[in-house]
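A note on names: the letters A, B, ... follow the listed sequences, proteins ahead of strands, and every chain is numbered from 1.
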Protein chains: 2
Amino acid sequence: MSAVSASTNRQRASQRRRAPQIIEAAAQVFAERGFHGATTQDIADVLGIRQASLYYYFSSKEAALELVCLRGVEGFFEAAKAISTGPGDARKRLILLIESHLSPLLDRGNFIKVFLNERQFLPTESRRRIGRWSRGLERIFEDVIKEGIAKGEFRADLNVRLVTLAILGMCNAASSWYGKENFSVATLAAEFARLVTDGVDKRPAGRRPSR
Amino acid sequence: MSAVSASTNRQRASQRRRAPQIIEAAAQVFAERGFHGATTQDIADVLGIRQASLYYYFSSKEAALELVCLRGVEGFFEAAKAISTGPGDARKRLILLIESHLSPLLDRGNFIKVFLNERQFLPTESRRRIGRWSRGLERIFEDVIKEGIAKGEFRADLNVRLVTLAILGMCNAASSWYGKENFSVATLAAEFARLVTDGVDKRPAGRRPSR
DNA sequence: AATTCCATCTATTGAGCTATAGAAAATGAG
DNA sequence: CTCATTTTCTATAGCTCAATAGATGGAATT
């Protein structure tokens, strides 16, 4: 390997030292003000450095958005896939899917918020890539719901697509108020899962399917 | 009445002639690109007029956002209030609340989308006003749910606040995909209402409370 | 026909923003 | 302590955009 590429490698490694903080600041600012409402100056202010210094870490504001969105989605698909192909009946797996979809709110709230609200402003190619990713995740939910219907665990008259969109909408909305409301992710996940499986209606005791 | 105020009245009346189209165009553009991503030039292009001509109809871009948001929320509260104080058991009224919350998607989708996603960029005062309005609407849902619990229609272990946020999140999310997905508002409302009351779980026939 | 009013236009100002160039400071290895 | 490399800085170019000022032409009013 030539001296040039050795130097390049070293450079990348050191950039990575502070890079996480930079992206975190970008996530925070994009989450608060939106991509177009945020300025690179705002990001620099959070870090206590000069606006132009940011360009040592990313080549454009759009590139920063891309990095934030990538961390926003990272892991979701893999975790969901593992659950959907894992053990348990469809009902149990749907509950796990909901919990797993909510849990990253805890430590990556800003990234997820930015992904949900600002991904539309990504450059065409990465927007498409993330679109495909997103449809893949929906597909996982749909498949588990279909299986639940086929096995007689879920109502046969469910509209699979609509139920999926309802569940994801419900979960994703949490990113907008989680932190303002006083709920732990665990409480949130438990309540949402129970709502999805059982609904709000009370029904005679001892008549629910065993869990 | 003086000549001056007669003239003022006439002016206002004529402004109103085209004003609805102007606001509609603003709603469309804000919905597509977001408030900060949209330019006044974009709005003018939709209307086929010059950018500066818009300022005959509103005094600033922010003022345009305010007009769009106002039309976005208009009617929601009144309709919900009427339902919550109207006839029927809590269950029936909750279903009506969901339907009523979804139905404006049909003819005011862009306004609602802008209200949901861009209201954070309103000037302080109107943002606060809309915040109070919003909490009022949540309160209506919460009260109906509480009543349902008190009367034994709903599960006693419901977390009222979380269930409210879940329902509203689910409904509001529809604004982002309604139009891309092939569902009528009626189908949507029926499926969402059923999901909220009954959940996805199948349970033995003939054991559900009568409706 | 003259006058007033409405709606839109042209032209422009001034502010704010992204991104680049190149200098300077900090870091760290030998 | 020296030198190479990494990181941050200053300065600014170049662009886009919201908003204002004042002109214009057509419609309505008298």
Side-chain angles (χ1 to χ4, degrees), chain A residues 1-26 29-30 32-68 118 121-123, chain B residues 1-27 29-30 32-68 114 118 121-123:
Chain A
M1 203 173 260
S2 73
V4 169
S5 83
S7 148
T8 301
N9 286 344
R10 233 177 301 140
Q11 186 181 357
R12 286 206 183 122
S14 349
Q15 272 188 20
R16 254 179 232 134
R17 243 191 305 147
R18 277 206 72 182
Q21 294 173 252
I22 309 285
I23 296 307
E24 179 120 20
V29 171
F30 288 161
E32 270 168 19
R33 320 200 172 188
F35 178 66
H36 288 297
T39 68
T40 50
Q41 183 66 61
D42 295 332
I43 303 176
D45 288 347
V46 168
L47 293 159
I49 63 175
R50 302 286 169 169
Q51 178 262 342
S53 304
L54 292 171
Y55 285 80
Y56 180 72
Y57 292 95
F58 50 73
S59 59
S60 71
K61 200 184 161 192
E62 269 187 353
L65 178 62
E66 235 174 295
L67 291 172
V68 172
E118 316 298 332
F121 304 122
L122 285 169
Chain B
M1 203 174 264
S2 73
V4 169
S5 85
S7 146
T8 301
N9 287 344
R10 233 179 300 139
Q11 185 180 356
R12 287 209 182 121
S14 356
Q15 272 186 20
R16 256 179 230 132
R17 240 190 306 149
R18 278 208 71 181
Q21 294 171 254
I22 309 285
I23 296 306
E24 178 119 22
V29 171
F30 288 161
E32 270 169 17
R33 317 197 175 190
F35 177 66
H36 285 117
T39 68
T40 50
Q41 184 65 61
D42 295 332
I43 303 176
D45 288 347
V46 168
L47 293 159
I49 64 176
R50 301 286 169 171
Q51 179 261 342
S53 304
L54 291 172
Y55 285 79
Y56 180 73
Y57 292 94
F58 50 73
S59 59
S60 70
K61 200 185 161 192
E62 269 187 353
L65 178 62
E66 234 173 298
L67 291 172
V68 172
V114 171
E118 317 298 331
F121 304 121
L122 284 169

Which pairs, protein N/O on one side and nucleotides 14-19 of chain C N/O on the other, fall under 3.5 Å?
{"from": "C/dT18", "atom 1": "OP1", "to": "A/T40", "atom 2": "N", "distance (Å)": "3.3"}
{"from": "C/dT18", "atom 1": "OP1", "to": "A/K61", "atom 2": "NZ", "distance (Å)": "3.3"}
{"from": "C/dT18", "atom 1": "OP2", "to": "A/T40", "atom 2": "N", "distance (Å)": "3.1"}
{"from": "C/dT18", "atom 1": "OP2", "to": "A/T40", "atom 2": "OG1", "distance (Å)": "2.7"}
{"from": "C/dA19", "atom 1": "OP2", "to": "A/Y55", "atom 2": "OH", "distance (Å)": "2.6"}
{"from": "C/dA19", "atom 1": "OP2", "to": "A/K61", "atom 2": "N", "distance (Å)": "2.9"}
{"from": "C/dA19", "atom 1": "N7", "to": "A/Q51", "atom 2": "NE2", "distance (Å)": "3.2"}
{"from": "C/dA19", "atom 1": "N6", "to": "A/Q51", "atom 2": "OE1", "distance (Å)": "3.2"}

(request) Rounded to the nearest 0.5 Å, what's the gap from OH on A/Y57 to CG on A/L67? Could you check? (result) 13.5 Å
(message) Rounded to whole Å, how long is the line connecting atom CD1 of B/I49 with atom P of C/dT8?
(response) 6 Å
(message) Nearest whole Å is fine: how far is D/dA18 C1' from B/I43 CD1?
(response) 11 Å
(message) Taking 4.0 Å as the cut-off, does a side-chain nitrogen or oxygen of A/R18 come that near to OP1 or OP2 on D/dT8?
(response) yes
(message) Please report the interatomic distance CD(B/E118) to NE2(B/H36), rounded to the nearest 0.5 Å.
(response) 8.5 Å
(message) Does C/dA7 have its OP1 or OP2 closer than 4.0 Å to a side-chain nitrogen or oxygen of B/Y56?
(response) yes
(request) Return the value, rounded to whole Å, for the distance between atom CG of B/L65 and atom P of D/dA19. (result) 12 Å
Could you pull out all donor-acceptor pairs under 3.5 Å where a side-chain atom in residues 58-66 of chain A meets a protein atom, sequence neighbours excluded?
{"from": "A/S60", "atom 1": "OG", "to": "A/A63", "atom 2": "N", "distance (Å)": "3.1"}
{"from": "A/K61", "atom 1": "NZ", "to": "A/F35", "atom 2": "O", "distance (Å)": "2.9"}
{"from": "A/K61", "atom 1": "NZ", "to": "A/A38", "atom 2": "O", "distance (Å)": "2.8"}

(message) If I take atom CZ in residue A/R50 and atom P in nucleotide D/dT10, what distance separates them, rounded to the nearest angstrom?
(response) 4 Å
(request) Please round to the nearest 0.5 Å and tell me the distance separating atom CD1 of B/I23 and atom CZ of B/R18. (result) 12.0 Å
(message) Against B/T40, only a single residue in B/D45, B/V29, B/L54 fulfils side chain to side chain contact (heavy atoms under 4.5 Å, CB included); can you say which?
(response) B/L54
(request) Please report the closest heavy-atom contact between A/V46 and A/A25, naming both atoms and the distance. (result) CG1-CB, 3.8 Å
